[in-house]
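Take a look at the structure below.
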Amino acid sequence: MIKKIVLFAAVMFLFTGCAIHQTVKPVGNFATKEVCILNNPDVRVGFMAAYKRALEGKGYVARQLPVTASIIECPLTSTYTANWRWDLAMYMHYANIKVYNNGKVVGEAVYDAKRAGLNTGKFIDADQKIGELVNQLFPGGAGS
């Protein structure tokens, strides 16, 4: 009986902390429909493509800027970072998107699967997750 209790406790311990966290602070409404995105060469090219598609689907014009550009290059600017890990398959381990209005942070979306452990929910479609983050980050769409 003690072995069963110890085994149960060990299994429960493994699943404790196997959480995926997602937080979004949505942006407000803006007169501009253009979002300038600073390119991040350290992130897979597919992230920028998915981010631009999601913004354009919300009615924004997404303009890619070089990594050397400033966050005040455009009135509405965005930066991003993301990384992937291997655990039976590649999965998006972490993503962060920040939105700046005239250099001030006005919105942020974070997807964090760093403590996912045995949680199979970490094996998401990254393009869909980026779309979900953008929908939450820009709830009203362009010009709303």
Side-chain angles (χ1 to χ4, degrees), residues 5-144:
I5 293 172
V6 170
L7 179 61
F8 178 75
V11 169
M12 292 310 294
F13 178 76
L14 286 174
F15 285 105
T16 309
C18 295
I20 297 170
H21 298 282
Q22 180 171 310
T23 56
V24 179
K25 177 190 170 210
V27 301
N29 298 326
F30 301 101
T32 184
K33 291 187 176 191
E34 180 182 60
V35 178
C36 296
I37 308 168
L38 275 65
N39 185 44
N40 185 342
D42 295 330
V43 177
R44 293 175 167 213
V45 175
F47 191 98
M48 171 65 92
Y51 187 22
K52 285 175 72 174
R53 265 192 316 275
L55 282 171
E56 290 165 355
K58 303 280 295 175
Y60 288 95
V61 174
R63 181 164 60 113
Q64 185 174 341
L65 299 178
V67 68
T68 56
S70 168
I71 60 169
I72 58 171
E73 185 93 11
C74 301
L76 201 56
T77 308
S78 181
T79 60
Y80 65 93
T81 189
N83 54 49
W84 277 253
R85 294 285 186 263
W86 175 263
D87 183 6
L88 303 175
M90 290 297 287
Y91 68 99
M92 190 168 68
H93 187 244
Y94 178 83
N96 179 283
I97 300 171
K98 287 186 182 176
V99 181
Y100 303 84
N101 185 16
N102 297 317
K104 181 183 174 194
V105 176
V106 292
E108 183 175 17
V110 177
Y111 171 78
D112 186 350
K114 291 177 190 171
R115 294 182 173 223
L118 299 174
N119 186 337
T120 58
K122 65 187 174 187
F123 299 112
I124 47 97
D125 180 304
D127 285 2
Q128 288 179 356
K129 180 53 70 176
I130 294 163
E132 178 185 321
L133 292 172
V134 169
N135 283 334
Q136 292 177 14
L137 190 56
F138 295 88
S144 300

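Position 1 is the first residue of the sequence; numbering continues from there.
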Keeping the roles fixed (side chain from K58, backbone from V134), state whether a donor-acceptor pair exists under 3.5 Å. no
Between T81 and D42, is a side-chain contact (heavy atoms from CB on, under 4.5 Å) present by the stated rule, with each step listed? CA-CA 8 Å; T81 189; D42 295 330; over 6 Å; no
Closest non-hydrogen atom pair between P139 and V27, with its separation: CD-O, 4.1 Å
Between CG of N39 and OG1 of T79, what distance do you get to the nearest 0.5 Å? 12.0 Å
Value rounded to 0.5 Å, distance of CD1 in I71 from NZ in K104: 12.5 Å
Is V99 close to L76 at the side-chain level, that is, under 4.5 Å between some pair of heavy atoms? yes
N96 side, atom CG; D112 side, atom CG - distance, nearest 0.5 Å: 10.0 Å
Spatial distance of atom CD1 (I130) from atom CE (M48) [nearest 0.5 Å]: 11.0 Å
Flag the pair V35 / F30 as yes when at least one side-chain heavy-atom distance between them is below 4.5 Å, and no otherwise. no
So which heavy atom on E73 is nearest to which on T77, and how close? N-OG1, 4.5 Å
Quick one: sort the Y80 and F47 rings into parallel, tilted or perpendicular, breaks at 30° and 60°. parallel
Non-hydrogen atoms of L38 and V67 that approach each other most closely: CD2-O, 4.4 Å
If you look at every heavy atom in G131 and A54, which pair is closest and at what distance? CA-CB, 4.0 Å
Looking at L137 and E108, what are the two nearest heavy atoms and their distance? CD1-N, 3.4 Å
Nearest heavy atoms of I72 and N102, plus distance in Å: CG2-C, 4.0 Å
Side-chain heavy-atom pair C74, L65 within 4.5 angstrom cut-off: yes
Does the side chain of V110 reach to within under 4.5 Å of the side chain of Y94, using non-hydrogen atoms? yes
